[in-house]
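Naming convention: chains lettered A, B, ... in sequence-line order (proteins, then strands); numbering from 1 in each chain. Everything numeric here is computed off the predicted structure, so don't read it as measured data.
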Number of protein chains: 2
Amino acid sequence: MATIRDVAREAGVSTATVSRVYNGSSLVTESTTQLVMEVAARLDYWPNSAARSLITNRTYTLGVVLPDLFNEFFSEIIRGIDHAARARRYQIILSCFHDDSRELIAMAKSMRGRIDGLIAMAPDAGSAKVIANISRHFPVVLLNPGFQTKDCSAVSIANYDGARALTRHLLECGHQRIAIVKGPARNVDAEERLRGYRDALSDAGVNSDPSMEILGDFRQESGEQICADILRIRPRPDAVFATNDYMAIGLQSALLAHGVRVPEDIAIAGFDDISLAGYVNPSLTTVGIDAYGLGAKAVRRWFSDSGAGGARTQQEILPARLIVRHSCGGSRIDRISEEHQSNEQSGGSS
Amino acid sequence: MATIRDVAREAGVSTATVSRVYNGSSLVTESTTQLVMEVAARLDYWPNSAARSLITNRTYTLGVVLPDLFNEFFSEIIRGIDHAARARRYQIILSCFHDDSRELIAMAKSMRGRIDGLIAMAPDAGSAKVIANISRHFPVVLLNPGFQTKDCSAVSIANYDGARALTRHLLECGHQRIAIVKGPARNVDAEERLRGYRDALSDAGVNSDPSMEILGDFRQESGEQICADILRIRPRPDAVFATNDYMAIGLQSALLAHGVRVPEDIAIAGFDDISLAGYVNPSLTTVGIDAYGLGAKAVRRWFSDSGAGGARTQQEILPARLIVRHSCGGSRIDRISEEHQSNEQSGGSS
DNA sequence: TTGTATGCGTTATCAG
DNA sequence: CTGATAACGCATACAA
């Protein structure tokens, strides 16, 4: 492959001139610019960005480390990150990992020299020191951390507020015995949603009952399997808060198959407002979160932090929004827990 | 930040020795290895991989360029790519783009020096020369190209076969007037599915009728909006093949809201087998595709091509699988159009 | 306006 | 087994 030297030789100029042309230096004559561009095109010269960043110390690339998600939430976060990064002409190095904070630091290390900073979803509170270490090497913005940190900025989703508002809504609809399907252990989102549920109950003077808290894993199969557990509870709950929409839809489908009416016999609520939540029957009352906005905001925060005098310790929380549909009875009114953030969606494919 | 020189100086050895330690050279004494590791840890030394790849000419990174998808298909492909790459200790640079082949080559160029090869989903047949150009710089594997190429390998999904099998199934169920909801113009998947539908009809001696071909955009809103168009067709179709599940579910939901029974009045079929396809009511007859496998296979193909004597022009097609559920009537039997490929799914999060 | 020379952080080659 | 030194491809002070 042609290097800058090949182009310089072939064009009869110095490498410095070629470099200047490629960096848009105003010092170069129009005619030499033309010449260099022509030769470069002929040799099919592609500048080596690794070599460039070695000397400039900038890679125009952000590292992204996410757990191994596999649903809309994941792709929306990525889209948000990618769009916001692209708007600044930055690229993305992506890595998934599996719940281990040692793996997290290994990924960060392996990105050294190839990224200017990192957007990461930390696995759990145990990774706090790891994050502190990483952020000594480059600016980090955390997505939805489950812990407090003064080492870097973070952008979170209002899991707690959303779950609390939703539970309160169920109570207002007249439901008394509200069960919850929890998410996987040690999952930050799952823990916060559980906390919101418990606090809403205790606010209303309802004792939280361990037998009403059932373990799920955030997949629709788990919602389906849990159906039997729900129906076994005595006295039977009159509402179930499944802590994500996939489980809610799996559960609702199984209940209907058992002849249980939703919402008349049991109300069902979910969380996330996935794109199909309004299209199941009955349509799902849930909490809308802005995954796209989460990713986009994290990137914008990173740029703010990296600028002169960047704070590097901003903690932002994106609002969650109660979306009342038909699966819980009550009136069908969209309620906004906080201001709604619009996001720049775009067209798609299969 | 500490460099290899800092570590060498502090440890009283040469940079070559430090380098040898980090590259696992067997030539280094146990004691010096210990010493170097100790000093490196104390200085918090992270090797700069850009500098390393400048001389080794290897980045252990694959570029991934995908259109701006926003659903399960996208995240499954990424997961497949990431897992297969990680198994070889490779990383991923990800970029989304918007339908423009000039944008495609710009991304490829900007990755020069930072990747060893590329996995790309080409926008359309017009990008064939662009792909040819790129593959002169590093090995490329194409995902689902809509065109023939001898410049690189490709892995595709059997859109045509799947659509044809599905349409044949609708005919076998006794449906005569089968409408189709097409995907966006110039979309490769959409075109192939349409072709399969048309060929299945003509195989059965049914004239394809332009008024039965309705334009959609692969989003559930479009399925919903199209409901009115479907009901306006005279005589009314007795089945609708929506070329992806999102549109099928949107349409089904709208039809039910209009009091049209599915499948008694109109049968509905989809494509993709998204995770919720079995959980809507009635459950959706569709065609299952293996997006995870598509990504994983592309990466494996890339490694095969890059090895000694790699062919670099292999064309693979992943089978599509007819999945008969309840939305089209007929018997509920899972039929396999070709052998079923298992894929290594793993646990997840919100 | 252009060329020369140096260095970014690492690995590879060759002596020792 | 270890060290000195020349690359890798590029950008940038400085000189011309």
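At most 12 non-hydrogen atoms from other residues, nucleotides or ligands lie less than 6.0 angstrom from CZ of A:Arg186. Environment of CZ in A:Phe303: crowded, with over 12 heavy atoms of neighbouring residues, nucleotides or ligands closer than 6.0 Å.
Each of D:dA11, C:dA12, D:dG9 was ranked by its minimum atom distance to the side chain of A:Arg52; first place goes to D:dA11. When distances run from any side-chain atom of B:Ala16 to the nucleotides D:dC10, C:dT10, D:dA4, the shortest one goes to D:dA4.
Distances shown here put a side-chain N or O of B:Thr29 below 4.0 Å from the OP1 or OP2 atom of D:dT2. Listed pair B:Thr15 / D:dA4 fails the phosphate criterion, with no side-chain N or O lying under 4.0 Å from OP1 or OP2. Between B:Ser14 and the phosphate of D:dA4, there is no side-chain N or O to OP1/OP2 separation shorter than 4.0 Å. The phosphate of C:dG9 (OP1 or OP2) has no side-chain N or O of B:Tyr22 nearer than 4.0 angstrom. At the phosphate of D:dC8, neither OP1 nor OP2 sits under 4.0 Å from any side-chain N or O atom of A:Asn48. Close to D:dT12, at under 4.0 Å from its OP1 or OP2, lies no side-chain N or O of A:Thr56. The phosphate of D:dC1 has neither OP1 nor OP2 within less than 4.0 Å of any side-chain N or O from B:Thr17.
One interatomic measurement links the two molecules: OH of B:Tyr60 to C1' of C:dT11, which rounds to 12 Å at whole-angstrom precision. Distance A:Arg58 CZ to D:dT12 P: 12 Å, rounded to the nearest Å. At whole-Å resolution of the value, CD in A:Glu30 and C1' in C:dT2 are 16 Å apart. Here the C1' atom of nucleotide D:dG9 and the CZ atom of B:Arg114 are 15 Å apart, to the nearest Å. Put simply, CZ on B:Arg20 is 10 Å from P on C:dA12, counting in whole angstrom units. Rounding to whole angstrom units, CH2 of residue A:Trp46 and C1' of D:dC8 are separated by 20 Å. With rounding to whole Å, B:Ile4 atom CD1 is found 15 Å from D:dC8 atom C1'. Distance CG (A:Leu54) to P (C:dT6): 18 Å, rounded to an integer number of Å.
Residue B:Gly12 is the one, among B:Gly12 and B:Ile55, whose nearest nucleotide of DNA chain D lies closer to the 5' end (criterion: closest heavy atom). Along DNA chain D, the nucleotide nearest A:Ser19 and the nucleotide nearest A:Arg5 are compared for position; the residue whose nucleotide lies closer to the 5' end is A:Arg5.
Exactly one of B:Ser304, B:Ser135, B:Cys152, B:Pro139 qualifies for a side chain to side chain contact (heavy atoms under 4.5 Å, CB included) with B:Arg312. That residue is B:Pro139.
Residue contacts for B:Asn57: at a heavy-atom cut-off of 4.0 Å it reaches no nucleic acid atom on any strand shown. Note on A:Ser53: nothing from the nucleic acid sits closer than 4.0 angstrom, heavy atoms only. Across all strands shown, A:Thr32 has heavy atoms under 4.0 Å from sugar-phosphate atoms exclusively, and none from any base. Here A:Val13 lies in heavy-atom contact (under 4.0 Å) with sugar-phosphate atoms only.
Taking the six-membered ring for Trp and thresholds of 30 and 60 degrees, B:His137 and A:Trp46 have nearly parallel ring planes, at less than 30 degrees apart.
Side-chain N/O atoms of B:Arg114 and B:Ser53 include no donor and acceptor closer than 3.5 Å.
Between A:Leu94 and B:Ile93, every side-chain heavy-atom pair lies at or beyond the 4.5 Å cut-off.
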